[in-house]
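Here is the structure we will look at.
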Number of protein chains: 2
Amino acid sequence: MQKSGQIVSADETAAARPRGRPRAFDREAALAKATRLFWLKGYEATSIADLTEAMGIGSPSLYAAFDSKEALYLEALRYYADHYSELVWGRYDAAATARQAVECLLLDSAAALTNTCDGNPPGCMVTLSSVDGEGHAELDARMRRARAAMLDRLEARLDQAVAEGELPASTDVQALARFVQTVQSGMSILARDGAGRGELEAVAGIAMLGWDAHTRDGGGI
Amino acid sequence: MQKSGQIVSADETAAARPRGRPRAFDREAALAKATRLFWLKGYEATSIADLTEAMGIGSPSLYAAFDSKEALYLEALRYYADHYSELVWGRYDAAATARQAVECLLLDSAAALTNTCDGNPPGCMVTLSSVDGEGHAELDARMRRARAAMLDRLEARLDQAVAEGELPASTDVQALARFVQTVQSGMSILARDGAGRGELEAVAGIAMLGWDAHTRDGGGI
DNA sequence: CTATTTATGTATCAACCGATACAGAAAGAT
DNA sequence: ATCTTTCTGTATCGGTTGATACATAAATAG
């Protein structure tokens with residue numbers, strides 16, 4: 001890990017170094033704390049006082065480093081995607097077949113959504129985000145787009161599987177993708193209510209039985 | 001022992017009528033408005049000003065009719081359960097088999113969660129309630145208990161099906177019940193994101209394929 | 001009628017919200 | 001060392017939150 005965001009290359013540091021007093025706190029570490037707080041309590045319920053206390057800084061420092069509460073939340077979302085989406089989507093991207101990809105997605109979700117040992121809140125920050133529409137329409141639209149992106153990702157992989165012949169042409173790609181998204185979203189709610197990894201893995205197993213039955217022949221409908 | 005004659009119990013109406021000025025607004029109608037507002041925006045994001053405006057009353061009247069914002073929310077929860085749970089659980093209770101019960105639950109959920117034509121917000125009020133833990137621990141515990149009650153209801157029906165021989169003794173009742181709860185919970189999130197009834201019904205169909213595969217023989221695991 | 005009891009509207013409470021003004025402190029540039 | 005630039009801590013801004021005090025209006029009981 002790097003210290004306080006200082007860059008390694010020497011020439012760039014000398015050129016880009018600002019003239020005045022450097023920041024006294026680790027911006028990345030503070031962002032990590034803010035991310036966990038937003039992740040745990042949501043946008044509205046997390047106050048500036050909560051954030052400054054968890055980050056160990058005063059409010060002017062917060063507004064100097066990040067522009068506003070909303071901008072900080074957007075950065076927290078990026079931090080979350082950069083640090084945690086790999087746990088869920090890593091094996092999905094590397095899988096050889098769509099079935100393996102989805103199975104990895106659900107199993108890895110079961111593990112990641114319940115991984116509270118290192119201080120992470122249970123459930124997915126994006127799925128559980130309940131930013132109310134009124135007054136924060138921009139954030140709400142951003143969250144909806146993030147959730148829609150997951151559905152697009154699933155549909156793209158399923159379309160590829162149909163094109164490659166892994167899945168029959170009669171597969172209802174949209175319905176199957178939405179089914180996977182439904183299970184993954186529901187797992188976040190169960191995780192927040194205290195369900196453990198093994199319990200969610202069992203849910204994933206039954207979901208994969210639905211996948212198999214649906215993709216076996218004409219969709220089963 | 002009462003004298004024969006007046007069965008209507010006119011004494012109760014006369015005796016129970018309060019002496020002073022009667023309430024000028026319909027308490028039940030105001031509770032319905034408050035319920036929809038809480039359902040749409042959640043507990044924290046709904047302010048007293050929002051409530052009084054929607055109900056068409058002033059804040060003193062609100063605090064006279066209901067004790068506090070928290071008490072009003074609890075009454076809204078009861079109103080929600082009394083008026084909307086029948087749409088989802090009605091055919092579940094009347095179904096002859098556990099499979100029919102679960103299928104009815106998921107299909108009726110697909111219809112109810114997307115029924116926004118008469119002003120109802122999409123999704124389930126209980127599932128989507130994201131009352132933050134800190135500061136409102138009592139409400140949070142209540143919501144968790146409500147969600148746990150759904151799981152108990154599913155497990156009880158599955159246990160009965162195993163006892164009656166509908167399902168094989170090797171059925172993993174807890175996992176199957178959690179699977180159904182996961183799908184139903186996930187459907188609320190998709191409904192809030194704009195998914196329609198047909199799309200959720202297709203999800204329910206694939207989920208029932210998972211049910212069939214799991215209950216066919218030894219659980220399939 | 002008068003007396004009593006309750007609800008309503010206005011106006012406001014203390015506490016907290018997100019966001020800043022200000023002055024002093026700290027560190028590189030020269 | 002001095003200057004310049006930036007950050008930090010205190011203290012506070014206007015606005016909103018949930019919740020009330022108060023006086024008034026309204027409706028029943030007698």
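Values in this document were obtained by computation on a predicted structure and should not be read as measured data. Throughout, protein chains are lettered first and strands after them, A, B, ... in sequence-line order, and every chain is numbered starting at 1.
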Check your understanding: Residues two or more places apart in sequence or in another chain: which of them pass salt bridge (Lys or Arg N to Asp or Glu O under 4.0 Å) with A:Arg197?
Key -> A:Glu201
Check your understanding: Just how large is the angle between the end axes of the helix from C:dC1-D:dG30 to C:dT30-D:dA1, five pairs per end, to 10 degrees?
Key -> 10°
Please list every donor-acceptor pair under 3.5 Å in which a side-chain atom of residues 176-184 of chain B meets a protein atom from a residue at least two apart or in another chain.
unit_1, atom_1, unit_2, atom_2, d
B:Arg178, NH2, B:Gln174, OE1, 3.1
B:Gln181, NE2, B:Arg147, O, 3.2
B:Thr182, OG1, B:Arg178, O, 2.6
B:Gln184, NE2, B:Ser109, OG, 2.8

Review point. Quick one: A:Asp26 CG to D:dC7 P, roughly how many Å, whole number?
Key: 15 Å
Exercise for review: Using whole Å, report how far CD1 of A:Ile48 lies from P of D:dT10.
Suggested key: 18 Å
Review point. Quick one: B:Met55 CE to C:dG9 C1', roughly how many Å, whole number?
Key: 17 Å
Exercise for review: Using whole Å, report how far CZ of B:Arg27 lies from C1' of C:dT6.
Suggested key: 15 Å
Revision key, fill the gap. Residues passing the salt bridge (Lys or Arg N to Asp or Glu O under 4.0 Å) test with A:Asp82, sequence neighbours excluded, are A:Arg78
Point to revise | Atom pair distance, as rounded to whole Å: CD1 in A:Ile57 and P in D:dT10 | key: 14 Å
Practice item. List in chain and number order the residues that pass side-chain contact (heavy atoms from CB on, under 4.5 Å) with A:Gln160, two or more places apart in sequence or in another chain; answer none if no residue qualifies. Key: A:Arg157, A:Glu164
Exercise for review: Whole angstrom is fine here: how far is it from NE2 in B:His136 over to P in D:dT17?
Suggested key: 14 Å
**Study point:** Those residues that, when tested against A:Leu40, pass side-chain contact (heavy atoms from CB on, under 4.5 Å) (two or more places apart)
**Key:** A:Pro121
Review point. Between A:Asp50 (CG) and C:dA19 (P), how many Å, whole number?
Key: 14 Å
Study note, to complete from the structure: Residues passing the side-chain contact (heavy atoms from CB on, under 4.5 Å) test with B:Ala95, sequence neighbours excluded, are B:Gln100, B:Ala101
Point to revise | Crowding at CG, B:Asp152 (>12 non-hydrogen neighbours, <6.0 Å) | key: yes
Check your understanding: When the distance from CZ of A:Arg23 to C1' of C:dA25 is rounded to whole Å, what number comes out?
Key -> 17 Å
Identify each donor-acceptor pair in which a side-chain atom of residues 22-30 of chain B lies under 3.5 Å from a protein atom, sequence neighbours left out, and give them as a table.
unit_1, atom_1, unit_2, atom_2, d
B:Asp26, OD1, B:Glu28, N, 3.1
B:Asp26, OD1, B:Ala29, N, 3.4
B:Arg27, NH1, B:Glu75, OE1, 3.4
B:Arg27, NH2, B:Ala65, O, 3.1
B:Arg27, NH2, B:Glu75, OE2, 2.7

**Study point:** All salt bridge (Lys or Arg N to Asp or Glu O under 4.0 Å) counterparts of A:Arg142, not counting sequence neighbours
**Key:** none
Practice item. Could you pull out all residues at least two apart from B:Asn115 that satisfy side-chain contact (heavy atoms from CB on, under 4.5 Å)? Key: B:Cys117, B:Asp118, B:Asn120
Point to revise | DNA chain D contacts among residues 58-67 of chain B, heavy-atom distance under 4.0 Å | key: B:Ser59, B:Pro60, B:Tyr63
**Study point:** Sugar-phosphate, base or nothing in reach of A:Thr52, heavy atoms under 4.0 Å
**Key:** nothing
Kindly give the atom pairs (protein nitrogen or oxygen, nucleotide nitrogen or oxygen) under 3.5 Å for nucleotides 23-27 of chain D.
unit_1, atom_1, unit_2, atom_2, d
D:dA25, N3, B:Arg21, NH1, 3.3

Review point. Does any N or O in the side chain of B:Trp89 come within less than 3.5 Å of the main-chain N or O of B:Tyr84, such that one atom is a donor and the other an acceptor?
Key: no
